[in-house]
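Here is the structure we will look at.
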Amino acid sequence: MRVCVVGSGGREHALAAALARTATVVVTPGNAGITTLAGDLPITCSSDAPEEIDADLWVIGPEQPLVGGLADRLRASGRPTLGPGAEGARLEGSKKWMKEVLVAAGVPTAAHEAFTSPDAAEAYLRGMRPPYVVKTDGLAAGKGVLVTESLPEAIADVREKLAGRLFGDAGRAVVIEEGLAGPELSVMALCDGIRAVPLAAAQDFKRAGDGDTGANTGGMGAYSPVPVATPEVVEEVMTRAVRPTLAALAASGIDYRGVLYAGVMLTEAGPRILEFNVRFGDPETQVVLPRWQGDVAEVLLAAAEGRLDTVPAPTFPDDLAAVCVVLAAAGYPASPRLGDPVAGVAGALAREGVSVFAAGLAAAPHTDGLVTAGGRVLGVTALAPTLAGARALAYDAAGEVSAPGLWCRSDIALAASTPTPRPPDYEEARP
C-alpha cells in the first residue's frame, strides 16, 4: 500500500513512521527533517499537491486543509481519504458551531455563550466567577484560548479578539465559558461515518512554562498512557460524547470519516468536553502512534472506506509507555527565531527506544545540515515499560540536541510518573 500524508510537522512525521511499518509513505509537503531522519523507513517527501500524488490512501494531518475542503475534493475523485469534509471540519473551524452540536447531541460540556459584541461579552464576563475562559471562534493554531483569574485581562482579550487584532477574521466571534477543574485528557477516536473506536488516551502540555505557566503554545509535550484514563473513563467519553456527536453529524447528513479528537476534563461531575478537534493531535500523535501495536495503514484505510468493523481494533500494551518532549526555537511562541543550526539529532537517535520527529526543520543552505524553520523544532519521543522510564529516556535523548536558544519544558509527565506518597497505615503510625 502507498499512503499520502498531508502536512509538514511532527504529527505528520509520526504518522508517516507508523504507517511505514507496512506501507510506503509520501508526505506532502513534509520538511527536510522528515527526509533526513527517515533512515531505512520507506518515507519520502514531495512538493506536489495531494491531488497530484498517486496513492491508495490519503491521510490529512492539519486542520486548515480539512476546513478548506481538501477531503471533499479527494473523495470526489474517488480517493480513499481519512479526514472529514468541510462540513464536518466545522467542529474545529467554529467553536460556536461545535458547542451547538454538543448541546443538540446532549454531550456534557461547560456552560457557555458566544458573542460578536464586545459590550455584551464584557457584561457576561462581569456576571461570571473566575477562572474566565475566552476562546477564539475560528482556527488559531492552538493559541486562541485564554484562561485567567483576572477579569480585566479577560475583558481586554475579548476586545482584542473581536477587533481582529489577535487572530484577524478568525477572532471576530468568541465563546466564553465557565472554568472547569480536573485532569485533562486527549481521547482520539477513529470514525468511519457510523462507528467510532478509541485510540489510547494521552495528555498534552499547552503552556510554555513549567507548572503550566506562561503563554499557550501548540503543545510542549505529551505522554501516554494516562493513569487516570482507565478503560471505564475512556468508554464513558466514547458513550457520552464521541458516539452521540458522530450520530448527530450523521443525522444532519455529514458522513464523518476521520479522527474525532475529544479534549476532555475529568470534573467531579464526570467527563466534560472542552472541545472537539477534527484531526490527529499534535504532539499527542507522537506518543499514541508509537504505542499502537498492529497494522496502522490497514485500520486507517478501513476507516476511510467506512468499514472499521472489518479490521482488528487498535491495541496499546499497558507495559509500553511513551513520553514526548518538544524542543522549541528561541523566542517561541511569540516570535520564534529561524535559521539556527541544529546539531546532535544522531546522538538522540542512538538511544534504543527513541524517535525524533521533525516539526520545524529546513535544510541549511549549501550544507547537509538542518536549521530551525518553525517554533516547535523537534519532538523527542521515548518508549519504555513505564512512564518514569520513558520520561528519563526522553529527556536524556533531548539533551543531545542543541541549537542556539533551543529550549523545552522540564516537567513533561513528571506528576504522572512520580508515585504519590502513600500515607502510613493507622496501626503502623501509632507509637
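- For the atom pair Leu162 CG and Glu160 CD, the distance stands at 10.0 Å (nearest 0.5 Å).
- Annotation: side chain of Glu298 is in contact with side chain of Pro312 (closest heavy-atom distance under 4.5 Å).
- Distance check, rounded to the nearest 0.5 Å: CG of Asp309 to CG of Asp192 gives 7.0 Å.
- Shortest non-hydrogen contact noted between Phe205 and Asp212 is CD2-OD1, 4.1 Å.
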Determine whether Phe276 and Tyr261 satisfy the following criterion, side chain to side chain contact (heavy atoms under 4.5 Å, CB included), listing intermediate values before the conclusion. CA-CA 5 Å; Phe276 272 121; Tyr261 159 164; 6.0 Å; no
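- Within the 3.5 Å criterion, the main-chain N or O of Leu151 finds no donor-acceptor partner in the side chain of Glu153.
- Between the side chain of Arg207 and the main chain of Gly214, a donor-acceptor pair closer than 3.5 Å is present.
- For the pair Tyr332/Met220, a side-chain contact is recorded, criterion being any heavy-atom separation below 4.5 Å from C-beta on.
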Donor-acceptor pairs are to be reported for all side-chain atoms of residues 124-133 against protein atoms at under 3.5 Å, with residues two or more places apart or in another chain.
residue : atom : partner : partner atom : Å
Arg126  : NE   : Glu122  : OE2          : 3.0
Arg126  : NH2  : Glu122  : OE2          : 2.9

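- A distance of 8.5 Å separates NE2 of His112 from CE of Met98, quoted to the nearest 0.5 Å.
- Ser94 and Asp137 get closest at one heavy-atom pair: OG-OD1, 3.0 Å.
- Between Glu177 and Lys99 there is a salt bridge, with a side-chain nitrogen of the basic residue lying less than 4.0 Å from a carboxylate oxygen of the acidic one.
- The closest donor-acceptor contact from the side chain of Asp295 to the backbone of Thr22 lies at 3.5 Å or more, if one exists at all.
- Side-chain contact between Phe316 and Val288 is present, with at least one heavy-atom pair separated by less than 4.5 Å.
- With a 4.5 Å cut-off on side-chain heavy atoms, Ile273 and Thr245 do not count as touching.
- Atom CG of Asp318 is surrounded by 12 or fewer heavy atoms from other residues, nucleotides or ligands within 6.0 Å.
- Pro283 approaches Gly219 most closely through the heavy-atom pair CD-CA, 3.9 Å.
- Side-chain atoms of Lys161 and Leu146, non-hydrogen and from C-beta on, do get closer than 4.5 Å to each other.
- Closest approach of Val380 and Ala398 over heavy atoms only: CG1-N, 4.0 Å.
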Start with the C-alpha distance between Glu63 and Asn277, add both sets of side-chain angles, then the distance that settles side chain to side chain contact (heavy atoms under 4.5 Å, CB included), and finish with yes or no. CA-CA 8 Å; Glu63 59 272 25; Asn277 292 328; over 6 Å; no
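- Residues passing the side-chain hydrogen bond (donor to acceptor under 3.5 Å, both in side chains) test with Ser410 are Asp210, sequence neighbours excluded.
- The distance from atom OG1 of Thr310 to atom CZ of Arg195, rounded to the nearest 0.5 Å, is 8.0 Å.
- With Arg409 contributing its side chain and Gly209 its backbone, the two residues share a donor-acceptor pair below 3.5 Å.
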Check step by step if side chain to side chain contact (heavy atoms under 4.5 Å, CB included) holds for Thr285 and Leu15. CA-CA 7 Å; Thr285 301; Leu15 278 164; 4.2 Å; yes
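- Although no hydrogens or angles enter the test, the distance criterion places a donor-acceptor pair under 3.5 Å between the side chain of Asn216 and the main chain of Val145.
- Rounding to the nearest 0.5 angstrom, the gap separating the CG atom in Asp72 from the OG1 atom in Thr81 is 9.5 Å.
- Paired with Ile34 under the rule side-chain contact (heavy atoms from CB on, under 4.5 Å), one option of Ile43, Leu361, Leu41, Val25 passes, and it is Ile43.
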List the steps and the verdict of salt bridge (Lys or Arg N to Asp or Glu O under 4.0 Å) for Glu184 and Lys206. CA-CA 11 Å; Glu184 290 191 39; Lys206 288 294 186 187; over 6 Å; no
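- Within the 3.5 Å criterion, the main-chain N or O of Ala163 finds a donor-acceptor partner in the side chain of Arg172.
- In this structure, Arg2 and Val26 have side chains that are in contact, with non-hydrogen atoms separated by less than 4.5 Å.
- Of the N and O atoms on the side chains of Arg79 and Ser77, at least one donor lies less than 3.5 Å from an acceptor on the other residue.
- Between the side chain of Ser417 and the main chain of Leu414, a donor-acceptor pair closer than 3.5 Å is present.
- Shown here for Glu12 and Val27, the closest heavy-atom pair between the two residues is CB-CG1, 4.3 Å.
- In this structure, Ala329 and Val377 approach most closely via the heavy-atom pair N-CG2, 3.7 Å.
- For the pair Pro225/Arg291, a side-chain contact is recorded, criterion being any heavy-atom separation below 4.5 Å from C-beta on.
- When atom types are taken as modelled, the side chain of Glu87 and the backbone of Ile254 share no donor-acceptor pair closer than 3.5 angstrom.
- Under a 3.5 Å cut-off, the side chain of Thr28 and the backbone N or O of Asp48 do form a donor-acceptor pair.
- Rounding to the nearest 0.5 Å gives a distance of 15.0 Å between OH of Tyr223 and OG1 of Thr381.
- Gln203 places no side-chain N or O within donor-acceptor distance of the main-chain N or O of Val226, the cut-off being under 3.5 Å.
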Pair Leu91, Leu260 - check side chain to side chain contact (heavy atoms under 4.5 Å, CB included), show working. CA-CA 9 Å; Leu91 281 177; Leu260 196 52; 3.7 Å; yes
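- By the 4.5 Å heavy-atom criterion applied to side chains, Arg279 and Arg11 are counted as neighbours.
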Mind listing the side-chain donor-acceptor pairs of residues 234-241 below 3.5 Å, one per line with the distance, residues two or more places apart or on another chain?
residue : atom : partner : partner atom : Å
Glu235  : OE2  : Thr239  : OG1          : 2.9
Glu235  : OE2  : Arg243  : NH1          : 3.0
Glu236  : OE2  : Arg240  : NH1          : 3.2
Thr239  : OG1  : Glu235  : O            : 2.9

